[in-house]
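Below is one structure, written out as structure tokens, with a few remarks after it.
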Amino acid sequence: MEAAAAAGGVEVEEGVTRVLLVDDSPVDRRVAQLLLSSDSCAGSFHVIAVDSAKKAMEFLGLKDGKEQAIDMVLTDYCMPEMTGYDLLKAVKALNPLKPIPVVVMSSENEPQRISRCLNAGAEDFIVKPLQSKDVQRLRNCSTVRPNNVAKRKPLVLQPSAAGAALPSGRRANFAGVAMPFLSVQVLHSSSVEVSQYVPLLLKLVVMVYAVLCVGELLHRWSSGSGCSLALWCA
């Protein structure tokens, strides 16, 4: 999108970084546009492209005083009439308390040039052409954070069939009747479970009694008491 087509306000979704791309080279400008608009960026950037620093100043409102909502300026260093370094200083002076992040690009990797831009307030310096590995560097320079947290739907408790069928004025009465009924059901189920173990308990008692009888019989026989089993059992 060229600046002429973006004369109005820039409306984007939350979490998207609005980038003003400034480059006099149509090829480099197109490469940066395609990269930042690709699927690999997952819609993280909205690009507005201009071909000169002067047009960038007009878009930002540095000339007529009407500021545009931009989250980042990505500018080439070497441009005619007004360089990217001059644009960098103008953007930083626009709002000293909350300056717009500026990233400078250049096809020449000159340490003096890089140091000059960083000292003037540039967030980063990238050697052209812009590549996929540079996307994360741009994200790090942006003050916009991606909106990756999915909105959770509020938990809605659905009323039960019985509660929904009854009017609100009768639900309290229904609850009062239901609670004793549920208590009876619990007691009934508990008594059924206990009754299943009664025969087993009786068999266990009989076995214990038989063992005691045999033990007592052996004890008397060994001591010579002469008591018969029939009399002892009687």
Side-chain angles (χ1 to χ4, degrees), residues 1-7 10 12 15-64 66-146:
M1 180 189 298
E2 300 296 331
V10 182
V12 297
V16 177
T17 301
R18 296 162 292 191
V19 180
L20 178 60
L21 173 63
V22 189
D23 200 325
D24 62 320
S25 170
V27 176
D28 292 337
R29 191 168 65 245
R30 187 58 178 168
V31 168
Q33 279 184 292
L34 292 176
L35 177 61
L36 298 181
S37 302
S38 63
D39 294 338
S40 61
C41 293
S44 301
F45 300 96
H46 178 82
V47 181
I48 302 97
V50 295
D51 57 6
S52 69
K54 287 187 175 181
K55 289 183 179 179
M57 290 183 63
E58 293 175 358
F59 184 83
L60 290 172
L62 296 178
K63 285 189 175 182
D64 55 12
K66 298 179 180 179
E67 298 182 11
Q68 291 288 344
I70 290 295
D71 302 310
M72 179 188 297
V73 176
L74 179 61
T75 178
D76 184 25
Y77 183 89
C78 294
M79 291 183 291
E81 297 184 3
M82 184 177 183
T83 65
Y85 177 75
D86 296 330
L87 178 61
L88 165 65
K89 293 190 297 181
V91 171
K92 292 301 180 180
L94 176 63
N95 189 354
L97 297 179
K98 192 177 180 181
I100 300 174
V102 179
V103 178
V104 181
M105 301 182 297
S106 177
S107 57
E108 300 177 3
N109 189 8
E110 295 184 3
Q112 293 182 353
R113 181 177 296 178
I114 297 173
S115 177
R116 184 186 185 194
C117 292
L118 294 179
N119 290 334
E123 272 64 32
D124 203 347
F125 191 100
I126 297 176
V127 178
K128 293 195 302 183
L130 197 66
Q131 303 179 40
S132 299
K133 63 180 181 180
D134 300 321
V135 173
Q136 187 58 46
R137 296 172 63 179
L138 294 178
R139 287 196 179 104
N140 295 338
C141 296
S142 174
T143 57
V144 179
R145 292 293 171 258

Q) Checking side-chain contact (heavy atoms from CB on, under 4.5 Å) for the pair Met105/Leu21: CA distance, chi angles, key distance, verdict? A) CA-CA 10 Å; Met105 301 182 297; Leu21 173 63; 4.0 Å; yes
Rounded distance (nearest 0.5 Å) linking atom [atom1] of [X] with atom [atom2] of [Y]:
X: Leu138; Y: Thr17; atom1: CG; atom2: OG1; result: 9.0 Å
X: Ile126; Y: Ile114; atom1: CD1; atom2: CD1; result: 11.0 Å
X: Cys117; Y: Gln112; atom1: SG; atom2: CD; result: 12.0 Å

Find out whether [X] and [Y] are in side-chain contact, i.e. whether some heavy atom of one side chain is under 4.5 Å from a heavy atom of the other.
X: Glu81; Y: Ser52; result: no
X: Thr83; Y: Leu88; result: no
X: Ile100; Y: Asn95; result: no
X: Asn140; Y: Asp124; result: no
X: His46; Y: Ile48; result: yes
X: Leu74; Y: Leu130; result: yes

Q | side-chain contact (heavy atoms from CB on, under 4.5 Å) evaluation trace for Val102 with Leu87 | A | CA-CA 9 Å; Val102 179; Leu87 178 61; over 6 Å; no
(Q) My understanding is that only residues two or more places apart in sequence, or in another chain, count here; which of them pass salt bridge (charged side-chain N to carboxylate O under 4.0 Å, His left out) with Lys92? (A) Glu123
Q) Heavy-atom count around Gln136 CD within 6.0 Å, excluding the residue itself: above 12? A) yes
List the atom of [X], the atom of [Y], and the distance in Å for their closest heavy-atom pair.
X: Val135; Y: Cys41; result: CG1-SG, 3.9 Å
X: Glu110; Y: Glu108; result: OE2-OE1, 2.8 Å
X: Thr75; Y: Gly84; result: OG1-CA, 3.8 Å
X: Ala53; Y: Met79; result: CB-CE, 4.0 Å
X: Val50; Y: Arg29; result: O-CD, 3.5 Å
X: Ala69; Y: Arg18; result: CB-NH1, 3.3 Å

Q | Ser37/Phe45 under side-chain contact (heavy atoms from CB on, under 4.5 Å): CA gap, chis, key distance, verdict | A | CA-CA 7 Å; Ser37 302; Phe45 300 96; over 6 Å; no
Q. Less than 4.0 Å between a side-chain N and a carboxylate O, is that true for Asp76 and Lys128?
A. yes
Q. Checking side-chain contact (heavy atoms from CB on, under 4.5 Å) for the pair Arg116/Tyr77: CA distance, chi angles, key distance, verdict?
A. CA-CA 11 Å; Arg116 184 186 185 194; Tyr77 183 89; 2.9 Å; yes
Q) Would you find a donor on one side and an acceptor on the other, under 3.5 Å apart, between the side chain of Arg30 and the backbone of Ser25? A) no
